[in-house]
*Asks:* 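Quick one: the structure is below, and I'll ask about it shortly.
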Amino acid sequence: MKSQTLTYREALRIAIEEAMNADERVVLLGEDVGNYGGCYAVSKGLSETFGSNRIIDTPLSESGFVGAGIGAAIGGMRPIVEIMTVNFSLLALDQIVNNAATIRHMSGNQVSIPLVIRMATGAGKQLAAQHSHSFENWYAHVPGIKVLAPATVADARYMLGMALKDPNPVMFFEHVMLYNESAAIPMPEDCPDMCSALVRQTGTDISLVTYGGSLPKALEAARQLAQQNVSVEVIDLRSLRPLDTGTLFRSVEKTHRLIVVDEGWRTGSLAGELCALVAENCFWSLDAPPIRVCSEEVPIPYPKHLEDAVTPQVAKIVEAVLGLLKQEIVS
Amino acid sequence: MQTDISKKHTDINKIHMDIAHIKFLFKQMLRIRRFEEKCAELYTQEKIRGFLHLYIGEEAVAVGIMQALKPEDAVFGTYREHGHALARGLSMDKVMSEMFGKVTGSSRGRGGSMHIFDVEKQFYGGNAIVAGALPLAVGLALANKMQNKKNVVVCFFGEGAVAEGEFHESLNLAKLWHLPILFVCENNGYAMGTALAISESEQHIFRKAQSYGLAAHAVDGMNVVEVESAASQYCNSIRNGDGPCLLECKTYRFRGHSMFDTQLYRKADEVDEWKSKGPIKKLKRWLEANDKLSADELIEIEDEVAAEINQAIVFAEGSPLEEISDLYLGVYAEEES
Ligand SMILES: Cc1ncc(C[n+]2csc(CCOP(=O)(O)OP(=O)(O)O)c2C)c(N)n1
Ligand SMILES: [Mg+2]
């Protein structure tokens with residue numbers, strides 16, 4: 001069978017459509033998902049197919065409709081809640097952290113919350129300091145929820161369905177710079193489980209670990225470094241909670257060096273957690289200190305040159321790799 | 001809902017508006033309209049980037065409200081705030097430069113279209129989180145009250161914002177603490193593509209405010225005179241210590257929500273109908289019908305406005321970008337030595 005080429009956005013739409021066709025309990029709710037077609041046009045056309053009973057336009061009430069999604073999941077539905085962007089999810093943080101993440105445990109495992117909360121994340125569109133955050137790590141800090149960051153079109157196509165089958169609340173992060181990416185779609189059986197990390201490119205000199213919108217940058221850096229005879233292994237985490245530490249540790253044990261690329265701010269970043277995990281578990285395999293390439297600790301500025309200076313870029317990643325390879329082991 | 005202009009004439013008399021002032025209002029609205037038409041052009045040329053939300057069609061609200069304010073009064077806006085910034089008296093040069101992301105912009109270029117600030121003008125942004133500014137405005141009004149200042153705080157927001165908890169929390173706090181604040185709801189009927197009818201169980205916004213005990217009513221937001229008149233009365237009562245008020249201004253945005261909007265959610269007829277009662281058109285018609293605006297005068301006003309806009313573009317184009325070495329500027333206050 002010929003494989004289909006889709007954009008990341010289309011892949012998500014097809015995944016939602018498929019889930020809604022397969023299971024009547026699946027509904028999509030969020031701001032402007034219906035009449036407007038979704039702020040990033042993911043749900044365009046779906047309200048015509050499924051009607052306003054299942055593609056539900058909500059008022060601007062993030063805390064209210066995310067909480068309602070949690071309640072509907074408790075009541076036997078399989079809601080997909082779309083929050084326009086991660087910045088606005090902060091208005092619903094209370095519902096996600098205090099309710100979605102806790103109720104199963106604090107009820108003594110009586111209550112199940114099979115819910116997917118999707119949202120756009122990340123910088124790169126010059127949307128300035130209130131629209132460019134990467135808070136994936138805030139959510140990955142919280143036990144009781146799962147956190148996914150599909151970085152490829154194939155993952156957009158298949159991970160959403162997997163998330164919907166999961167009996168837990170799953171946060172689903174779509175980097176804004178990925179929506180227009182396009183690629184051929186593999187068969188479902190070729191898409192691994194949503195919680196496993198993937199080696200996107202094998203290499204021997206250094207492990208470059210990343211997720212979401214930073215994956216294309218890491219792969220481009222690896223390509224440029226290959227021309228300088230540096231062999232980079234690129235790992236895409238895919239799931240930020242739980243973390244597939246097995247894949248991570250195996251890679252570092254092979255390459256002996258780790259750089260994590262993460263669009264979150266450096267202090268308290270997921271990159272920091274990965275470096276700590278590797279330091280704790282692979283210390284004796286390391287030939288150099290683990291390094292973070294993160295965003296500069298500045299609210300994201302509007303002008304392009306400053307936005308680029310804040311967020312991780314290919315040149316910065318290349319420089320970090322070359323710098324690390326130069327470091328001698330002093331014993 | 002629409003009142004005709006002759007009724008406005010009585011309003012005009014009531015607040016002693018002279019023709020010179022009405023022409024001033026006309027010019028202010030035209031400045032905003034032409035400025036934003038130019039911004040749309042500059043956006044397609046990629047001089048302005050990010051999100052750009054045009055206020056075209058709603059100019060009477062900002063222009064009308066600002067007339068009731070004194071320089072020491074404070075203003076909070078949304079991401080659709082170019083018009084408010086200009087009407088408040090920010091220099092067009094600085095506003096344009098901000099949109100270009102230049103260091104001479106009102107926020108050093110850091111904020112762009114959605115985050116225009118000018119503390120000298122008591123203009124506190126430029127807030128892109130819907131309803132995010134309401135609690136801040138309440139806090140500033142609290143500070144004014146605690147320091148025995150007679151200043152008014154004005155907070156603008158769209159009708160979409162009233163669905164957020166912060167709207168309700170803010171109105172309650174304002175009334176509970178008897179604060180000198182005017183809430184201005186710009187009810188343009190849509191929050192992005194979501195019509196008021198599908199987002200609110202009670203569609204009269206002013207009634208929500210009344211339920212918290214605020215003085216509140218709705219006006220024709222396409223009529224600058226009516227807006228100014230209502231705002232003046234509310235500001236007087238706030239300055240008298242009578243507590244918070246809310247003015248609902250019924251208006252319409254002629255353009256998409258932002259430059260990305262394909263406007264699938266509304267019909268062209270509806271847009272055309274509202275355009276026919278646009279605030280500038282309406283006032284122009286009235287001025288002309290009363291022989292208060294000659295063709296020559298109109299050309300003169302248009303020319304002045306065009307010259308100001310051209311100058312602003314020259315200023316923005318010629319201004320430098322921030323040095324990357326200054327990236328960390330303004331994250332924290334500079335150390336006091
Ligand atoms: C908390 C929050 N949720 C969602 C958004 C995205 N958004 C920006 S403007 C807007 C519509 C707001 O409508 P309204 O308040 O009526 O103002 P208008 O744009 O009509 O002036 C939405 C949904 C946001 N900026 N902040
Ligand atoms: Mg609106």
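First the proteins, then the strands, lettered A, B, ... as listed; each starts at 1.
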*Asks:* For B:Tyr79, is it the side chain, the backbone, both or neither that has a heavy atom under 4.5 Å from a heavy atom of chain A?
*Replies:*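 No part of it gets close to chain A.
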*Asks:* May I have the step-by-step check of side chain to side chain contact (heavy atoms under 4.5 Å, CB included) for B:Val331 and A:Glu297, ending in yes or no?
*Replies:* CA-CA 8 Å; B:Val331 180; A:Glu297 304 207 14; over 6 Å; no
*Asks:* Kindly compute the distance separating CD1 (B:Ile129) from CG (A:Leu60), expressed to the nearest 0.5 Å.
*Replies:*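 Interatomic distance, B:Ile129 CD1 to A:Leu60 CG, rounded to 0.5 Å: 11.0 Å.
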*Asks:* Counting neighbours of CD on B:Glu120 that are heavy atoms of other residues, nucleotides or ligands and sit closer than 6.0 Å, is the number greater than 12?
*Replies:*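 Open: at most 12 neighbouring heavy atoms sit under 6.0 Å from CD of B:Glu120.
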*Asks:* Please classify the contact between B:Ile48 and chain A as side chain, backbone, both or neither, with a heavy-atom cut-off of under 4.5 Å.
*Replies:*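 For B:Ile48, heavy atoms of backbone and side chain both lie under 4.5 Å from chain A.
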*Asks:* Please look at A:Leu90 and chain B and tell me whether the side chain, the backbone, both or neither of the residue comes under 4.5 angstrom of a heavy atom of that chain.
*Replies:*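 Contact with chain B involves no heavy atom of A:Leu90 at all.
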*Asks:* Can you say whether B:Met114 sits under 4.5 Å from chain A via the side chain, the backbone, both, or neither, judging by heavy atoms?
*Replies:*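 Side chain only.
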*Asks:* Measure the OG-CG distance between B:Ser199 and A:Asp57 for me, rounded to the nearest 0.5 Å.
*Replies:*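 Rounded to the nearest 0.5 Å, the OG-CG separation comes to 9.5 Å.
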*Asks:* With a cut-off of 6.0 Å (strictly less than), are more than 12 heavy atoms of other residues, nucleotides or ligands near NZ of A:Lys316?
*Replies:*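 Atom NZ in A:Lys316 is packed in, count exceeds 12.
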*Asks:* What residue in A:Asn35, A:Leu127, A:Ile300, A:Asp308 has the most heavy-atom pairs under 4.5 Å with chain B?
*Replies:*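 Top count of heavy-atom pairs under 4.5 Å with chain B: A:Leu127.
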*Asks:* Could you check A:Tyr302 against B:Arg110 for side chain to side chain contact (heavy atoms under 4.5 Å, CB included), going step by step and ending with a plain yes or no?
*Replies:* CA-CA 5 Å; A:Tyr302 160 68; B:Arg110 301 279 174 143; 6.0 Å; no
*Asks:* Counting N and O atoms only, with roles assigned by atom type, does the side chain of A:His305 sit under 3.5 Å from a partner on the main chain of B:Glu323, one being a donor and the other an acceptor?
*Replies:*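 Flag not set: sc A:His305 to bb B:Glu323 has no pair under 3.5 Å.
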*Asks:* Test A:Leu306 against B:Leu327 for side chain to side chain contact (heavy atoms under 4.5 Å, CB included), laying out the working first.
*Replies:* CA-CA 7 Å; A:Leu306 295 184; B:Leu327 185 61; 4.0 Å; yes
*Asks:* Should we say atom NE2 of B:His168 is surrounded by more than 12 heavy atoms from elsewhere, each under 6.0 Å from it?
*Replies:*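 More than 12 heavy atoms, drawn from other residues, nucleotides or ligands, come within 6.0 Å of this atom.
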*Asks:* Could you look at B:Gln263 and say if it's the side chain, the backbone, both or neither that has a heavy atom under 4.5 Å from chain A?
*Replies:*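 Neither part.
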*Asks:* When only pairs under 4.5 Å are counted, which of A:Glu62, A:Gln130, A:Glu296 shares the most heavy-atom pairs with chain B?
*Replies:*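 Highest number of pairs under 4.5 Å: A:Gln130.
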*Asks:* Of all of A:Gly34, A:Ser61, A:Pro301, which one pairs up most often with chain B through heavy atoms under 4.5 Å apart?
*Replies:*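 Top option by heavy-atom pairs under 4.5 Å: A:Ser61.
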*Asks:* Please look at A:Lys304 and chain B and tell me whether the side chain, the backbone, both or neither of the residue comes under 4.5 angstrom of a heavy atom of that chain.
*Replies:*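 Nothing of A:Lys304, per the 4.5 Å heavy-atom cut-off to chain B.
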*Asks:* Taking the six-membered ring for Trp, are B:Phe51 and A:His131 closer than 6.0 Å centroid to centroid?
*Replies:*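 Yes - the distance between ring centres of B:Phe51 and A:His131 falls below the 6.0 Å cut-off.
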*Asks:* May I ask you to check whether over 12 heavy atoms, not counting those of A:Glu24, lie within 6.0 Å of atom CD?
*Replies:*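 12 or below, so no.
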*Asks:* Relative to chain A, which segment of B:Asp326 carries a heavy atom at a distance below 4.5 Å: side chain, backbone, both, or neither?
*Replies:*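 For B:Asp326, neither part sits under 4.5 Å from chain A.
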*Asks:* Drop me the distance from A:Glu31's CD to B:Thr194's OG1, to the nearest 0.5 angstrom.
*Replies:*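 Taking CD in A:Glu31 and OG1 in B:Thr194, the distance rounds to 7.5 Å.
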*Asks:* Check whether any side-chain heavy atom of A:Asp32 lies under 4.5 Å from a side-chain heavy atom of B:His257, and answer yes or no.
*Replies:*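 No, their side chains stay 4.5 Å or more apart.
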*Asks:* Find the distance between CG (B:Leu264) and OH (A:Tyr36) and round it off to the nearest 0.5 Å.
*Replies:*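 With rounding to 0.5 Å, CG (B:Leu264) is 9.0 Å from OH (A:Tyr36).
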*Asks:* Taking all non-hydrogen atoms of both residues into account, name the closest pair between B:Gly109 and A:Pro303 and its distance.
*Replies:*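 In this case the closest contact between B:Gly109 and A:Pro303 is O-CD, 3.1 Å.
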*Asks:* Can you tell me if A:Gln126 uses its side chain to pair, donor with acceptor, with the backbone of B:Arg49 under 3.5 Å?
*Replies:*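 The answer is no, because no donor-acceptor pair under 3.5 Å joins these two groups.
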